[in-house]
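Structure, as C-alpha cells:
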Amino acid sequence: MHIRSLLTALSVAALCCPATTAQSGADAPRALTTFGWQTPASVVVTEEILKKGRETTTRYRLEVTPRDGGGIRIRYRDFQFLTVGGEDVTTPAMQKAMAAATSLAAAIPDLAIATDGRFEGATGVEECVQSVVDFLAEQRKMSAEQKAQLERTMQSPAMTAVMKEGVSRYWQNWVGAWIGWDLPRGQQHDERREMPLLGTTLQADVHTEHKAPPEDKPDCVALAVTIRAKGAKFSKDMLGFVSDLAPALAAAGDAAGLDDRFVLSYRERLTVLTDPRTLLPQRATSDRTVTLRDRESDEVHEQVERHDYAFDWSTTAPSKADT
C-alpha cells in the first residue's frame with residue numbers, strides 16, 4: 001500500500017463527516033448550502049496538478065445525466081493534457097506521442113450521486129483497472145505471466161476499494177464536503193473528531209472557515225476545511241501505509257517495531273467557491289502534505305500534492321434554483 005492510498009482514504013473519511021458539529025431539533029442551525037444540480041448539464045473543468053514537484057494541467061468535461069432510480073450520473077469526457085512539466089503538449093505531435101497516457105488518464109469511472117448530493121459509488125472501476133494493467137504491461141514489456149500477476153494484484157478487493165475511494169475524493173472536494181454547511185459567514189470552527197480509516201480509528205483536528213467571497217462572485221460562498229492528524233498513535237497506525245515515503249522505511253519492509261523511530265503527520269486543506277443554492281462549484285482546491293521524520297537520522301521526508309480546479313458552466317443547463 002502506497003502513500004497515495006493513505007491520502008485518499010483519510011480525505012474520504014474526513015469529507016464524509018459533516019463540516020460542523022450537527023445539532024438536532026429546534027436548536028439545529030439552518031443549512032446555508034443545498035445540492036441542486038440540474039440535468040442534463042455539462043461543465044468543463046481545468047485542473048492544475050502539482051505532484052512530486054511536477055506540474056501538469058489537464059482539461060476534461062463532466063457530462064451530467066439523470067440516473068435510474070434517482071440522482072445523477074457523472075461521466076468524464078474529452079480528457080486532454082494541456083501541459084506536462086510546464087511544457088505545452090497541445091500540439092498535434094505531442095498529442096500523438098501522449099495518446100497512450102491520455103487514454104489511460106481518461107479511463108475514469110462514472111460517478112453515481114444521490115438526489116441529496118452524496119457520493120454513492122462508481123461504475124466502470126473494473127474496466128479502469130484493466131486499462132491500467134494493459135498500459136503498464138505495454139510500457140514495461142511484461143511477459144504474459146507478469147501481466148497475469150499484475151492483473152491479480154490490481155483486481156484484488158483492496159485495490160478496487162482504493163480505486164473507488166480515489167474516484168470519490170474528487171466529488172467530495174467539489175461538492176460532498178459542503179452539503180448542509182451551517183457555519184455563518186466570517187465564522188470559524190474547530191473540533192477534534194474520530195475518523196474511520198483503513199480498519200482503524202484515528203483522531204484528527206478539523207478547522208472549518210466560512211470566508212467572504214471575492215468581489216467578482218458576490219453570490220457565492222467561500223468555504224474551507226483544514227484536516228490535521230499527528231501523534232504517536234497516528235504514526236503507529238499509519239506507518240505501514242507510507243513505506244514509499246522514506247528509503248529507510250521502504251528498505252525495512254515490515255514497519256513493525258519502527259513506530260518509535262518514525263513520526264508521521266498529515267495536513268490537508270480543501271477550499272471551494274460555490275453557489276450555495278445549488279453547490280455548482282466555480283473553483284476548488286486540495287492541498288495536502290504528509291511529513292515523515294526519521295528520529296534516528298533526523299531526516300525529514302515530505303510529499304506534497306496540490307490540485308486546483310476551475311469550472312466553466314457556460315454551456316450547462318440552468319440550475320434548479322433558476323427554474
Side-chain angles (χ1 to χ4, degrees), residues 1-12 47 49-58 60 75-87 89-111 121-170 198-199 238-256 258 262 290 292 301 303-305 307:
M1 183 74 71
H2 295 290
I3 189 170
R4 59 180 176 271
S5 303
L6 167 65
L7 299 180
T8 294
L10 182 56
S11 300
V12 171
E47 178 180 358
I49 307 161
L50 173 64
K51 189 172 183 178
K52 295 184 178 180
R54 188 176 178 85
E55 296 180 348
T56 303
T57 306
T58 65
Y60 44 88
R75 291 187 170 96
Y76 289 75
R77 293 287 185 265
D78 308 328
F79 187 96
Q80 180 184 17
F81 283 102
L82 302 181
T83 67
V84 175
E87 179 184 355
V89 294
T90 59
T91 64
M94 287 300 296
Q95 290 291 301
K96 182 178 180 180
M98 295 189 62
T102 300
S103 178
L104 175 65
I108 305 173
D110 295 348
L111 310 184
T123 58
V125 173
E126 292 75 14
E127 292 83 350
C128 182
V129 169
Q130 188 61 50
S131 296
V132 173
V133 170
D134 293 341
F135 177 82
L136 292 177
E138 174 66 25
Q139 291 293 306
R140 300 175 183 179
K141 307 302 181 185
M142 291 181 176
S143 65
E145 182 179 349
Q146 289 172 324
K147 181 177 180 180
Q149 176 59 44
L150 178 62
E151 284 180 330
R152 286 192 292 271
T153 301
M154 292 295 294
Q155 293 173 357
S156 68
M159 286 302 295
T160 300
V162 167
M163 180 71 73
K164 289 180 178 179
E165 288 175 339
V167 172
S168 72
R169 81 172 313 276
Y170 285 93
L198 300 176
M238 295 298 105
L239 201 56
F241 298 99
V242 293
S243 60
D244 57 339
L245 190 55
L249 186 56
D254 186 1
L258 296 178
F262 293 95
V290 173
L292 186 70
H301 305 272
Q303 189 168 94
V304 177
E305 182 173 343
H307 296 255

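Computation of the quantities below employed the complete heavy-atom set of this structure, encompassing side-chain atoms and omitting hydrogens, waters and symmetry-equivalent molecules.
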Would you compute the distance between atom OG1 of Thr83 and atom CZ of Arg54 and round it to the nearest 0.5 angstrom? 9.5 Å
Scan Met142, Arg140, Lys141 and name whichever one has a side chain to side chain contact (heavy atoms under 4.5 Å, CB included) with Glu138. Lys141
Name the orientation class of the two ring planes belonging to Tyr60 and Phe79 (parallel below 30°, tilted from 30 to 60°, perpendicular beyond 60°). parallel
Does any non-hydrogen side-chain atom of Val84 lie less than 4.5 Å from one of Met98? yes
If you count heavy atoms of other groups shown closer than 6.0 angstrom to CZ of Phe81, is the number above 12? yes
Of the options Arg152, Gln146, Glu145, which is the one that meets Gln149 in a side-chain hydrogen bond (donor to acceptor under 3.5 Å, both in side chains)? Arg152
Would Lys147 and Leu136 count as a side chain to side chain contact (heavy atoms under 4.5 Å, CB included) here? Give the steps. CA-CA 9 Å; Lys147 181 177 180 180; Leu136 292 177; over 6 Å; no
With rounding to the nearest 0.5 Å, note down the distance linking CG in Leu82 to CD in Gln95. 8.0 Å
Any donor-acceptor N or O pair under 3.5 Å, side chains His301, Gln303: no
Look up atom CD1 in Ile108 and atom OH in Tyr170, then write down how far apart they are to the nearest 0.5 Å. 6.0 Å
